[in-house]
Amino acid sequence: MEIILSTAIGILAASGIWLLLRPRTFQVIVGLCLLSYAVNLFIFSMGRLTLSAAPIMPKGGFIDSTAYADPLPQALVLTAIVISFATTALFLVVMIAARGLTGTDHVDGRERDG
Amino acid sequence: MIADNLILSIALLPFLGAIASATLPLHAHTAAAWLSGAVMAAGLGIMAFLRPAVARGEALRTVVEWVPFLRLNLVYRIDGLSWLLVSLVLGIGILIVLYARYYLSKSDPVPRFYSFLLAFTGAMLGVLISGNILMLVVFWELTSLFSFLLIGYWYHTTAARDGARMALIVTASGGLCLMAAMLMIGHVAGSYDLDRVLASGDTLRAHPLYPAILALFLIGCFTKSAQFPFHFWLPGAMAAPTPVSAFLHSATMVKAGVFLLVRFSPALGGTEAWFYAVSGTGMATLVVGAVIALFRHDLKGLLAYSTISHLGLITALAGLGSGSAVLAAIFHIANHAVFKASLFMAAGIVDHETGTRDMRKLSGLIRPMPITGTLAIVAAAAMAGVPLMNGFLSKEMFFAEAVGWHNGTWLDNNMPWIATFAGVFSVAYSLRFILSVFFGPPATGLPKEPHEPAHWMRLPVEALVLVCLVVGVLPGLTMGGALNMAAQSVVGPDMPYYNIAVWHGMTMPLVMSLTAMVAGITLCLTFMHRIAEGPEGPPLLHRIRAQRIYERLLLALTWKWPRRLYRLAGSERLQVQMRIMVLCAAGIAGAILWHRLGLAAGKRSNPFDPAFALMWVVGAACAIGAAWQAKYHRFAALLLLGGAGLVTCITFAWASAPDLAVTQLVVEIVTTVLLLLGLRWLPRRQAEIAGDRRPAARARRMVDLGIAAALGIGIAAISYTMMTRPLVPNLGDWFLANAYHEGGGTNVVNVILVDFRAFDTFGEITVLAIVGLTVYALLRRFRPAPESAPRPAQQRDRGEEALTDDLRVPSVIMRWMFPVLIAIAAYLFLRGHDLPGGGFSAGVTMAIAFLLQYLAANLRWVEQRIIVLPIRWMGFGLLIAGGSGAGAWLFGYPFLSAHYRYVTLPVIGPIPAATALIFDIGVFALVMGATVLIQIAIAHQSLRSVRLREQEEEKHDQTGEGAA
């Protein structure tokens, strides 16, 4: 399992980074989304992979904390998901506005000359 | 106790006065002058009251505890030296205020002038009476800052702006050096308390850091006191109004440097290095200043260089360091302040009444301005060191020190010659000042007809000149006590009482004075006309100007080098910047992890699951496909992106994170819809972009591919290593153990979000609100690209009817989904505290409900039926979240403390009723509002282009009708 997930994180991150370095705004925005998947999974995986042990507690009684998935990375990632949605939206709007202003979708606001 | 309060009021009064006078009306000249004068007079009164206590020989101290555990106290101390100088500053300050009242024109904004002047006075007094060396540095920098504001008072002139900036750069960088020196001194002496530092001279001198301390300390003092080679800022500062020049360059600002030299001479002085550096610089400055002063044509320029020269004299004395030298230095500080202030004011009067300061134009002013002329002559005589003037006495004492003090070095042996040489020039420039301005034929072609100024404007000059004379005739009676008191406070109580007398007999210093006098008069009379015709500066040397060097350096430092560096290392291209950023991030991560990331044998692993592997084969293919297609096939890339997102979502569910899975799923939906909405506004991409197949473009892609692959492998390696290591006990365990007892919920993730770490969540939703509003605001001004305005080809070809037909069945389903989705949102929200769900996912779900309505029908149809006010939702959400947090205050708990209990409702059963739930309502409302706001704002852009199209069609129709 671990090897699969880490490979997946690597592939998501590599695709994201490659797109981040591309010249078209849409490529960058897709790249950011992919990178945010990779980063979210990465942070999540810092709590290690635990199967079928969601951090839902019984009401009272002794709690063996090793029997549950680590809730802290989950809490971090949950807000990160929402925030990355917000930044994607913001970037999208900037992209649209820049396109309207400059007439091109190149990240520099003008086509590469020569 | 009274003395304590008085010292504190001395320290605070000027600043309070500054604030008060800043609030005065714009042209309240008289009120501002009265206020400033009163503040200074009050200060003088306090000093008079403190005199007997100071005269007993002990420093008066007041300590205000500020940050005790850092040993930071506000310590003020007044001893003989600071008493004398504070009195001097305040005394001359009053006269400056009086003078400025008549000097400034009616149109100058006075509150600014007087409040800066008072604040500057406060900073200067702070330097003089600080008992803590760090505090001293703060006040020191404050004097630089306020002098900048004062010099730049007439900021509409370039000269004032440049002069002010130059003064600030030079003195403030000196101040930084001084701060470094003070920090080292504090480190070596073990205390920042001035008394302790002054007492630990032996430790300081013996310490290996002593040379560094000395160098930095002296740079600080020399820049402030305009010592060679940092002297050039002072003439530039002459662009200031004359009262400012008279104040800054006589009693304050430049005297701060020499004050500090004198003050620290027991701690740092007495070594050969000190003697060479301080006396050497002083003598050099003395000569350079005196020589250049003779060749200046500008009245204030001459006085400026003369000031530099006299400061050099004081510095040279401070370098000698013997008791009598210190006394002479202090005496000359006072004397120079008095005669130079009066000369500046006299020059200001000449400027004010004639309209020029150019000595080549001025002539014969003694006839229209007899009183001012006489006053200036007496003051200039004091500057030249004519007997029976105060300047003569301290200069004689300097000559005596130059002759009498011996350590046998070449500098010491040559001191009398250098001193006499400088004396010659100082006589010559004083004489030139008087002869060219007040004597000779009556001036013609002056901008104004010269006449005597208002009496009140001349009064300060009269007072100062009177002081020159009285001190010159009766030095022992007037100044003897205070001077000995000041010198004793520096050197020590066992310094013998120094008797200042006018007549010592026909001594060596007197011979030197007379020689200088005769030679100076000869020099001036012989060359005066030639000097007036020559360039502004000494022959041959006038081409080498320290100011030019400074300007070149500044240009290089702030313009040329940064630009060169920028061209070398920077780029305007985002791709290059991104590449640098990515590589830097990778480099930092690599540097941190290097040698630490051994691929340890897996201690923790889950069994390999083929289904999971298969799922990620699809996920990885989606990701790579999206990366591959994003340039030409955006829609396909978007679908593939969604695929990768779904696989991520399932992974969360698989690995025991149901909350994440739910949130990821709903967010995935809105993100995809959002990007779909955005696609419409991008340029059509049917043909290949020109130059895409060029070798350069290919090479770039290959390089980036390499970077991306390397980083991907690195990240995969890090996460694999982390995941296979056993989990150490951490914060998460505490959350697991206490979620139910402390937070009243069984879903630990949700309890963390709305209870344990609610403040973080609060910050986060605030960010979300800001982003929502930013998107909304940006889109209000948005204009679509002209080529995106027309109806898309797909719609044009088939007509609107076909489009509605396509969506007939889905739109009915979507419309009926509205109540269902609301129910799901409510369900997700209510179970959130105990089971996966919560405000975030419920909020986004609710937003999807609205979104579907917008998709199902056209926008106008929806908005006629549902009133959506996303901004209000956001506002109330933030208020509810903040209010539920603030509610805790009512019960005496910190912000966002939560309380919980279970409430049994009929039919539904027990539900958790925690205050955290209220907070979660806020989260829900805000997330929903922000998401809907963003979506609607983008969706409305289509409406805008529809409107644009309608307008154009109308126009078209009209022209068509007209033609018909």
Side-chain angles (χ1 to χ4, degrees), chain A residues 1-2 4 6-15 17-21 23-24 26-27 30 33-34 37 41-42 45-46 48-51 53-57 59 63 65 68-72 74-75 77-79 81-83 85-86 88-90 92-93 96-97 99-100 103 105 107-108, chain B residues 573-574 578-579 605-606 612-613 616 620 623-624 626-627 630-631 634 637 641 648 655-658 660 663-664 667 671 678 681-683 704 708-709 711-712 715-716 719-720 723-724 727 731-733 735-737 739-740 746-749 752-753 764 768 771 775 778 782-785 840 934:
Chain A
M1 289 291 272
E2 277 77 9
I4 303 168
S6 49
T7 314
I9 293 173
I11 288 173
L12 284 173
S15 315
I17 291 169
W18 193 75
L19 281 176
L20 218 57
L21 301 173
R24 302 290 150 187
F26 188 74
Q27 289 177 302
V30 171
C33 287
L34 285 174
Y37 295 151
L41 281 172
F42 181 77
S45 75
M46 291 300 106
R48 313 300 188 269
L49 274 186
T50 318
L51 302 183
I56 310 290
M57 300 293 110
K59 296 190 175 180
I63 286 163
S65 61
Y68 296 94
D70 191 352
L72 193 61
Q74 295 194 18
V77 171
L78 196 138
T79 47
I81 291 171
V82 180
I83 288 290
F85 158 71
T88 306
L90 186 61
L92 183 80
V93 169
I96 295 173
R99 150 82 178 129
D105 66 339
V107 286
D108 292 335
Chain B
R573 310 194 64 88
L574 186 71
M578 289 297 254
R579 198 183 286 168
S605 67
N606 290 293
F612 192 71
W616 266 111
I624 294 171
K631 190 164 196 175
R634 300 191 194 112
L641 177 71
T648 307
S656 321
L660 294 190
T663 315
Q664 175 81 53
V667 166
T671 309
W681 305 105
L682 290 174
D704 289 347
L711 292 186
I715 293 169
S719 47
Y720 181 74
M723 273 189 274
T724 49
L727 189 61
L731 199 58
D733 302 333
F735 287 135
L736 285 170
Y740 186 68
T746 55
N747 180 4
V748 184
V749 177
I752 291 177
L753 285 176
E764 208 132 15
L768 196 64
V771 171
V775 166
L778 275 175
F782 168 64
R783 294 289 170 274
F840 276 106
I934 293 171

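The shown structure was predicted, so the numbers you read here are calculated from the model rather than taken from an experiment. Numbers restart at 1 for each chain; the letters A, B, ... are given by sequence-line order, proteins then strands.
Chain A forms more heavy-atom pairs under 4.5 Å with one residue of Asp733(B), Thr671(B), Ile624(B), Leu660(B) than with any other, namely Leu660(B). Contact tally against chain A (heavy-atom pairs below 4.5 Å) for Gly732(B), Ala739(B), Ala709(B): the top residue is Gly732(B). Ranked by heavy-atom pairs under 4.5 Å with chain A, the first of Val749(B), Val771(B), Ile715(B) is Val749(B). Each of Thr79(A), Leu34(A), Thr88(A), Ile83(A) has some count of heavy-atom pairs under 4.5 Å with chain B, and the biggest count is that of Thr79(A). Chain B forms more heavy-atom pairs under 4.5 Å with one residue of Leu19(A), Val82(A), Leu72(A), Leu78(A) than with any other, namely Leu78(A). Considering only heavy-atom pairs separated by less than 4.5 Å from chain A, the leading option among Ala637(B), Ala657(B), Ala626(B), Pro658(B) is Ala657(B). Of the listed residues (Ala737(B), Gly678(B), Ala655(B)), the greatest number of heavy-atom pairs within a distance under 4.5 Å of chain A belongs to Ala655(B). Comparing Leu21(A), Ile11(A), Val93(A) by heavy-atom pairs within less than 4.5 Å of chain B, the highest count is held by Leu21(A).
Shown here for Ala53(A) and Ser656(B), the closest heavy-atom pair between the two residues is N-OG, 3.0 Å. Between Ala623(B) and Leu12(A), the closest heavy-atom pair is CB-CD2, 3.6 Å. Shortest non-hydrogen contact noted between Ile752(B) and Ala75(A) is CG2-CB, 3.7 Å. In plain terms, the two heavy atoms of Pro55(A) and Leu736(B) that are nearest each other are CB-CD2, 4.0 Å.
Of the possible donor and acceptor atoms, one in the side chain of Glu2(A) sits under 3.5 Å from a partner among the backbone N and O of Asn606(B). With hydrogens and angles disregarded, no donor-acceptor distance shorter than 3.5 Å links the side chain of Asp704(B) to the backbone of Trp18(A). In this structure, the side chain of Ser15(A) does not engage the main chain of Ala627(B) through any donor-acceptor pair within 3.5 Å.
Residue contact with chain B, scored on non-hydrogen atoms closer than 4.5 Å, involves the side chain of Leu92(A) exclusively. Both the backbone and the side chain of Leu90(A) come within less than 4.5 Å of a heavy atom in chain B. For Phe735(B), the part lying under 4.5 angstrom from a heavy atom of chain A is the side chain only. Heavy atoms of Leu753(B) lying under 4.5 Å from chain A belong exclusively to its side chain. Asp70(A) touches chain B through its side chain: at least one heavy atom from C-beta onward sits under 4.5 Å away, while N, CA, C and O do not. For Arg99(A), the parts lying near chain B are the backbone and the side chain together; criterion is any non-hydrogen pair under 4.5 Å.
Annotation: the span from Leu51(A) atom CG to Phe612(B) atom CZ amounts to 8.0 Å, rounded to 0.5 Å. Taking CZ of Phe42(A) as the reference point, atom CE of Met723(B) lies at 8.5 Å (rounded to 0.5 Å). The CH2 atom of Trp681(B) lies 8.0 Å from the CD1 atom of Ile96(A); values are rounded to the nearest 0.5 Å. Distance check, rounded to the nearest 0.5 Å: CG of Leu711(B) to CD1 of Ile17(A) gives 4.5 Å.
Side-chain atoms of Tyr720(B) and Thr7(A), non-hydrogen and from C-beta on, never get closer than 4.5 Å to each other. Annotation: side chain of Pro23(A) is in contact with side chain of Lys631(B) (closest heavy-atom distance under 4.5 Å).
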